[in-house]
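For the numbers below, each heavy atom of this structure counts, side chains included, while hydrogens, waters and symmetry mates do not.
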Amino acid sequence: MTQTKIAVVTGAGSGIGRAVALELAASGWSLALAGRRVETLEETAALAGSAEVVCVRTNVSEPSDVSALFASAAERYGRLDLLFNNAGTFGPGGVPLDELSYDAWRHVVDTNLNGAFLCAQAAFRQFKSQSPQGGRIINNGSISAHVPRPMSVAYTTTKHAMTGLTKSLSLDGRPYRIAASQIDIGNAATDMTQRMQTGTLQADGSLAAEPVMDVADVARQVRFMAELPLEANVQFATVMATNMPYIGRG
């Protein structure tokens, strides 16, 4: 009998996190769902049907919350196969760099970078200590891990840093059968990207609507990466709306 795979999904109460959680659930995975609001996690769990799910209120920027999340997953399931490191925030968009408050900068860095590190570290520890050893971390990067949007210094900086985190995890995980990869997503249709369809700031200062894609297409790519044997890895994947201004941005 094939052993059920276990995944921790952060930011699972909406958007990409919810879509990935539901895709994994439909494929027979058991889940530990993390997010700031238990009610939205429970909505995701309800949509997951008969899948085994545990919901854990988690602020990924708080070390104690992250420790509790992974302890809950270990207590419920006994092991872990995947972390989808997804929780993040755009922060205050459209604020000129010289006017961005330190508190706003710090909030984005704490969530997107420090939170990703804390979750990756906790997953790494679990993967290293369990038997059989190993597991997979998929970090949610962004098109902004490669090219910035105007007035997005905090978000862009954290997503560039995510690439360094992914590479370090890949290297340091080699002796322990820990695979790490990054998915860079462009304009998936979620609540966070609604403004893309009505008009968003371009590099030339104009406002323009941008194409979006179905978030389910992102979820299918994450599942493909997640279900590879640990001897294979998609190191970096870019999934984007075909006609969005990425190639040629600026």
Side-chain angles (χ1 to χ4, degrees), residues 9-24 26 35-36 40 43-44 47 60 84-97 100 104 107-109 111-113 115-116 138-166 181-226 234-250:
V9 179
T10 66
S14 63
I16 291 167
R18 173 174 285 180
V20 168
L22 297 181
E23 179 71 20
L24 294 175
R36 289 174 180 263
T40 59
E43 289 172 3
T44 301
L47 292 169
V60 296
F84 181 46
N85 217 357
N86 168 69
T89 179
F90 284 141
V95 177
L97 187 148
L100 184 69
H107 174 66
V108 176
V109 172
T111 302
N112 295 4
L113 180 56
I138 301 176
N139 291 324
N140 185 348
S142 171
I143 297 297
S144 292
H146 306 278
V147 287
R149 288 187 178 276
M151 300 187 196
S152 65
V153 62
Y155 183 77
T156 297
T157 299
T158 59
K159 292 305 184 178
H160 274 64
M162 187 73 86
T163 302
L165 176 64
T166 300
S181 56
Q182 180 172 316
I183 184 166
D184 296 320
I185 301 163
N187 288 11
T190 67
D191 290 343
M192 289 180 68
T193 60
Q194 280 186 336
R195 72 180 189 279
M196 304 297 179
Q197 300 175 66
T198 57
T200 191
L201 185 64
Q202 305 295 304
D204 63 1
S206 65
L207 291 176
E210 295 187 10
V212 297
M213 62 178 170
D214 192 329
V215 70
D217 295 324
V218 175
R220 283 191 289 271
Q221 176 63 26
V222 173
R223 180 172 66 83
F224 168 76
M225 295 164 70
V234 176
Q235 186 67 74
F236 293 97
T238 301
V239 183
M240 53 179 265
T242 303
N243 292 329
M244 71 171 288
Y246 167 53
I247 302 300
R249 182 185 287 188

[atom1]-[atom2] distance between [X] and [Y], expressed to the nearest 0.5 angstrom:
| X | Y | atom1 | atom2 | result |
| --- | --- | --- | --- | --- |
| Y155 | T111 | OH | OG1 | 12.0 Å |
| L22 | R223 | CG | CZ | 12.5 Å |
| T238 | Q182 | OG1 | CD | 8.5 Å |
| T89 | R36 | OG1 | CZ | 8.0 Å |
| H107 | N112 | NE2 | CG | 8.0 Å |
| D214 | R220 | CG | CZ | 6.5 Å |

I'd like to know if the side chain of [X] reaches the main chain of [Y], judged simply by a donor and an acceptor atom lying under 3.5 Å from each other, with no hydrogens or angles considered.
| X | Y | result |
| --- | --- | --- |
| T156 | P148 | no |
| T158 | V109 | no |
| K159 | N140 | yes |
| T190 | I16 | no |

For residues [X] and [Y], determine if any side-chain heavy atom of one lies less than 4.5 Å from a side-chain heavy atom of the other.
| X | Y | answer |
| --- | --- | --- |
| H146 | D184 | yes |
| Y246 | N187 | no |
| L24 | F84 | no |
| L100 | V153 | yes |
| Q221 | I185 | no |
| R18 | E43 | yes |

Search all heavy atoms of [X] against all heavy atoms of [Y] and return the closest pair with its distance.
| X | Y | value |
| --- | --- | --- |
| G11 | N86 | O-ND2, 3.3 Å |
| T163 | A145 | OG1-CB, 3.8 Å |
| S181 | M225 | OG-CE, 3.4 Å |
| A161 | L113 | CB-CD1, 3.7 Å |
| P92 | A104 | CG-CB, 3.7 Å |
| R149 | L201 | NH1-O, 4.3 Å |

task: Starting from the C-alpha separation in whole Å, work towards a yes-or-no answer on side-chain hydrogen bond (donor to acceptor under 3.5 Å, both in side chains) for E210 and T200.
output: CA-CA 8 Å; E210 295 187 10; T200 191; 5.4 Å; no

- request: Show your working on side chain to side chain contact (heavy atoms under 4.5 Å, CB included) between V239 and M213 and close with a plain yes or no.
  value: CA-CA 9 Å; V239 183; M213 62 178 170; 3.8 Å; yes

